[in-house]
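Below, read A as the first sequence line, B as the second, and so on, with proteins coming before strands; counting in each chain starts at 1.
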Amino acid sequence: MTRGAAACIRCGLSFLGIPSVSSTPARYNFRETEAKWREVWEERQTFRAVMDRSRPKYYVLEMFPYPSGRIHMGHVRNYTQGDVIARYKRAKGFNVLHPMGWDAFGLPAENAAMQNKVHPKTWTYENIATMKAQLKSMGLSLDWSRELATCDPSYYRHQQKMFLDFWNAGLAYRREAWVNWDPVDNTVLANEQVIEGKGWRTGAPVERRKLTQWNLKITHFADELLSRLDTLDRWPEKVRLMQANWIGKSRGARVFWDLTDASGADRGKLEIFTTRPDTLYGASFMALSPEHPLTAELAAKDPGLQRFIAECRKTGTAAAEVETAEKQGYRLPLLARHPLVPGKTVVVYAANFVLMEYGTGAIFGCPGHDERDHEFATKYSLPILPVVMPKDADPKSFSVAEVPFVEDGVIVNSDFLDGLGVDDAKARVIARLEEMGVGKGTVQYRLRDWLVSRQRYWGCPIPAIHCEACGVVPVPAEHLPVVLPDDVTFDRPGNPLDHHPTWKHVACPKCGGNARRETDTFDTFIDSSWYFDRFTSPGLETAPFDRDENHYWMPVDQYIGGVEHAILHLLYSRFWTRAMREVQMTSRDEPFDGLFTQGMVCHETYRANDGTWLTPEEIGREDGKVVRVSDKSPVEVGRSEKMSKSKKNVVDPDQIIRDYGADTARWFMLSDSPPERDLEWTEAGVAGAWRFQQRLYRIATEALALMPSADAGRPETFSDAATELRRAAHKTIAGLSADIEAFHFNKAVARLYELANTIGAAAPQDDGAKWALREALEIFVRLIGPMTPHLAEELWQALGHTTLLADAAWPVADPALLVDETVTVAVQLNGKLRGTLALAKDAPKEFAERAALALPEIVRGLEGREPKRVIVVPNRIVNVVV
RNA sequence: GCCCCCGUGGCGAAAUGGUAAACGCAGGCGACUUAAAAUCGCUAAGCUGCCGGUUCGAGUCCGGCCGGGGGCACCA
């Protein structure tokens, strides 16, 4: 035991000049130690990844951050989890790639530019510098030599080239369509970026605008994106389900209806989509979207219809609005001939609830078996005819007048379909429609193409030129990159690129005439759709990546990030990989082999009596009550919620790392809560984690004093106590390895607490026990390496090693030490515990049974009765049944 | 409305269908200290949300409720 100066219990720094008065062992000085080891790792480039075909690779990636200013606790949790995997795999002998970069384009930079008069580029790069320093202070095993920022032309030039290739292959196109417009950010949004009718960033209700925009043909891969989900067996079930729901595959039929006007004159055909062709005989009306071309055509001569269309357009798409909006229809001067019933016609409406973007923008209404159609038919007094009936219902009394019947049943009132079940009827009617040439069975997806134009400055320029003579012309590859100009102003609303005096004026690459650059930029989700590929060849100028290197490192073996990207980023990345495959850049289908979605970091919320939110620093506890520090007024403690600036329940990682050290922050992040679940940040929890770091250091220091030197030979035999210690250590190796592989970090932490307790309690009496103590500590230090790397490195050195722990191999468990010689077997009577037996491991069943029946508790419980049955589960349990 | 996940001591949580609550936080008692902090030792707590089923045996599997959270949502 070493004697040291008294030290501050929080920071571990010595009170210089104050002599030590007690026998308190030296405190672990995390500040000096953590900084020291980070310097060593950096100097030796320990975590630099180099392609090496002789070794198996492992690519660990955490979702790269947006450089918003400072890192938050969510980052700390995410990157700690990734670092545990990276360091563990490294120790297991894998050639690990663990890179980091910056998702650097995006609106906050522009907003900052407008508010603080700072250029988005300056703002972004300053934030990157700050956050990089913060990440470095965490002691992550990152290969910083591969760092990239998506706002760098050396990155986005390749993105522009890929876009041109996709365009050439028909995977990118321009189209006029109704789109989602965010009125706050002044830009269009993709479907995926509208949450409950509101912009995903601003929360503003989106408006609908008809604009010509760039789209990527994600629907081209709809079926593959769906079916390949089944093969992603290292993805959370939840994420796969969400993607499947988003893609939304429906089987059904397209049916053609002949239209006539009131006089019976032919007015062409109307194509509708339905998932319920089995209910065709229940049709009582047709409904067109207000945006349907036929509606528009009729509106030209009908002011009433024009007003109706305008009215529909006003209704927002917010969930609440949609739910409460009444079904509205406008009767069109048309009749539709039923394709299966000669002579039958139904009326035709334009209706506000029919979406132009899904199916054909037109439906047939079957009010008996669809809730919406029922509501509509009731309002306009249209016939409601039952064509499906529950199996045991009475045909005379069964009615759908009040409530539609939407479940499976028996078809009625439907000619050749009568008596069939719904599924059979669907198949039969589709066959008949196809035979007659009036319809066909089809598959419909909910997924829409990815709208990628954004009317904003701080993004990757879309490499296209508009020429009056030639139309839209791609920027020639040799002119790439199209670089974002720096000299822009943010003094008025709209897109600064559009306002730029010269940038957009350019000669047409085809005819040389006056032309105009595309001033829209790409959705930043494009930037993040391939950055993991770029990490495999970060400096390459001639291509996005080198084929060989990319082939060696990809796919990402373990991807880690928030579940909020379950659809957006993860679906787009899966699409981009397929688009690259389509243009022969790769042969891969999927980018991420394993995915883990970590939970959020939460904290209690505090409210002052005036209703304002308070930060954790602003509150204190007095007499068991929570009060505001400033004036002792009472504070209302709210439930634990995700840390957010608006609720002020944030804790700054920087401060935690400064006060307690990176290892403490990491340890706390891994303790207690399963990583996929939300974690509640508590001051007491952090303090506990910190105390454990100190305790480990002390236990190790004390144990070192009791140990033989590193070169002491392994004794021939061990005492029982020594063997027990060895068992504990080796069992921990096996258990911990399994826990890390399974992302059970909280259990891994618990095992380390146990082993620490065991080592701390060891009082070796003989050489064997001393040797076992050294063995246990050597194992222990290696096991904490992935979690608290600085402390582990320090103890590794203290154990006498001259190599780095970061380069040391993972310990191997001795199988002989994983099994106990004696086991405790539970003895039950009718399933209820009555006692236990200490038996030799793998004792014969008969022996266990006899021993159990001889137990006094069992003898008493039997009361002389003969057991009916005795179930023996070796090494576990004996159940006596009477 | 549809789909998914979760309900275990005061709290966070463990538990291949086999001794429920490992491990941590908070609590209680004691030791050390002039005292406190720190540290060390000891310690209390619980019909696994409710009802039923399968089983020799259910926190775990099945069905139905109740409560909490999340995803999608006029997608025909």
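Pairing partner, B:A13: none, since no Watson-Crick or wobble contact has both distances short of 3.5 Å. Under the Watson-Crick and G-U wobble criteria, each requiring two contacts below 3.5 Å, nucleotide B:U34 is left unpaired. B:G67 and B:C6 make up a base pair, with Watson-Crick or G-U wobble contacts both under 3.5 Å. Using Watson-Crick or G-U wobble geometry with both donor-acceptor distances under 3.5 Å, B:U60 finds no partner in any strand shown. Checking B:C29 for Watson-Crick or G-U wobble geometry (two distances, each under 3.5 Å) identifies B:G41 as its partner.
In the interface, the side chain of A:N245 is not paired with the base of B:C72 through any donor and acceptor atom under 3.5 Å apart. Contact of A:K327 with B:C74 (side chain to base): a donor-acceptor pair of N or O atoms is detected under 3.5 Å. Judged by distance alone with a 3.5 Å cut-off, a donor-acceptor contact links the side chain of A:R876 to the base of B:U16. You'll find a donor-acceptor pair under 3.5 Å spanning the side chain of A:R448 and the base of B:C75, going by distance alone.
Within the 4.5 Å cutoff, side-chain heavy atoms of A:L280 are placed close to those of A:L433. You'll find the side chain of A:M669 reaches within 4.5 Å of the side chain of A:W681, heavy atoms only.
In this structure, CD of A:E676 is placed 9 Å from P of B:C6, rounded to the nearest angstrom. Computed from coordinates, the A:E604 CD to B:A26 P distance equals 14 Å when rounded to whole Å. In this entry the distance linking CZ of A:R446 with P of B:C72 reads 9 Å, nearest Å. A:D739 has its CG atom 8 Å from the P atom of B:A15, to the nearest Å. Between A:L241 atom CG and B:C6 atom P the separation is 13 Å, expressed in whole Å. If you measure from atom NE2 of A:H374 to atom C1' of B:A76, you get 16 Å, rounded to the nearest angstrom. Between the CG atom of A:L270 and the C1' atom of B:A76 there is a distance of 13 Å, rounded to whole Å. Taking atom CD of residue A:E375 and atom P of nucleotide B:A76, one finds them 17 Å apart after rounding to whole Å.
Between A:N746 and B:A22, a side-chain N or O to OP1/OP2 separation shorter than 4.0 Å is absent. Dashed line: the shortest gap from a side-chain N or O of A:R240 to OP1 or OP2 of B:C4 is not under 4.0 Å. For B:A76, one of the phosphate oxygens OP1 or OP2 lies less than 4.0 angstrom from a side-chain nitrogen or oxygen of A:S250. Residue A:R869 has a polar side-chain atom (N or O) positioned under 4.0 Å from OP1 or OP2 of B:C56. An OP1 or OP2 oxygen of B:G24 is reached within less than 4.0 angstrom by no side-chain nitrogen or oxygen of A:Y753.
Listed nucleotides: B:G12, B:G57, B:A20. Nearest to the side chain of A:L833: B:A20. Listed nucleotides B:G18, B:A14, B:C74 differ in distance to A:F353; the shortest reach to its side chain belongs to B:C74. The side chain of A:R677 lies closest to B:A13, out of B:G24, B:A13, B:C72. Picking from B:A76, B:A73, B:G70 the nucleotide with the shortest atom distance to the side chain of A:K238 gives B:G70. Closest to the side chain of A:D672, out of B:C40, B:A76, B:G12, is B:G12.
If you check every strand for non-hydrogen atoms under 4.0 Å, A:D373 touches nothing. In this structure, A:S671 reaches neither bases nor backbone, as no heavy-atom distance under 4.0 Å exists between it and the strands shown. Within 4.0 Å of A:E680, counting heavy atoms only, lies no atom of the nucleic acid at all. Residue A:I363 is classed as a base contact, given a heavy-atom separation below 4.0 Å to a base. Using a 4.0 Å heavy-atom cutoff across all strands shown, A:R691 reaches sugar-phosphate atoms only and no base atom. Residue contacts shown for A:V354 include a base, since a base heavy atom lies under 4.0 Å away. Using a 4.0 Å heavy-atom criterion, one finds that A:F273 contacts the bases of the nucleic acid, with or without backbone contacts as well. Heavy atoms of A:T824 sit under 4.0 angstrom from at least one base atom.
Side chain to side chain, A:Y330 and A:Q328 fail the donor-acceptor criterion of an N or O pair below 3.5 Å. Defined by atom type and a distance below 3.5 Å, a donor-acceptor pair is missing between the side-chain atoms of A:Q444 and A:R251.
Judged by distance alone, with hydrogens and angles left aside, the side-chain atoms of A:T822 form no donor-acceptor pair with the main-chain N or O of A:A838 at under 3.5 Å. For the pair A:H603 (side chain) and A:P616 (backbone), a donor-acceptor distance under 3.5 Å is absent.
Here, B:C32 and B:A22 have their P atoms 30 Å apart, quoted to the whole Å. When the P atom is compared between B:C50 and B:G67, the two are found 15 Å apart, to the nearest whole Å. Comparing B:A58 with B:A44, their P atoms sit 27 Å apart, to the nearest whole Å. Spacing between B:G63 and B:U55 at atom C1', rounded to whole Å, works out to 16 Å. The same atom, P, is picked in B:U8 and in B:C61; the two are 16 Å apart, to the nearest Å. Rounded to a whole angstrom, the distance from the C1' atom of B:G57 to that of B:U19 is 12 Å. B:C47 and B:G1 have their P atoms separated by 35 Å, given to the nearest Å. For the C1' atoms, the distance from B:A14 to B:G69 is 22 Å, rounded to whole Å.
Aromatic rings of A:Y349 and A:Y380 (six-membered ring for Trp) have centroids within the 6.0 Å cut-off, being under it.
Cation-pi contact between A:K327 and A:F376: absent, since separation from the ring centre below 6.0 Å together with deviation from the ring axis within 45° is not met.
For A:K731, the NZ atom counts as densely surrounded, since its 6.0 Å shell holds more than 12 non-hydrogen atoms of other residues, nucleotides or ligands.
Between A:A750 and A:H744, it is A:H744 whose nearest contact on RNA chain B lies nearer the 5' terminus. Comparing A:I877 and A:V881 by the nucleotide of RNA chain B that holds the closest heavy atom to each, the one mapping nearer the 5' end is A:I877.
In this structure, B:G53 is classed as anti because its glycosidic torsion departs from zero by more than 90°.
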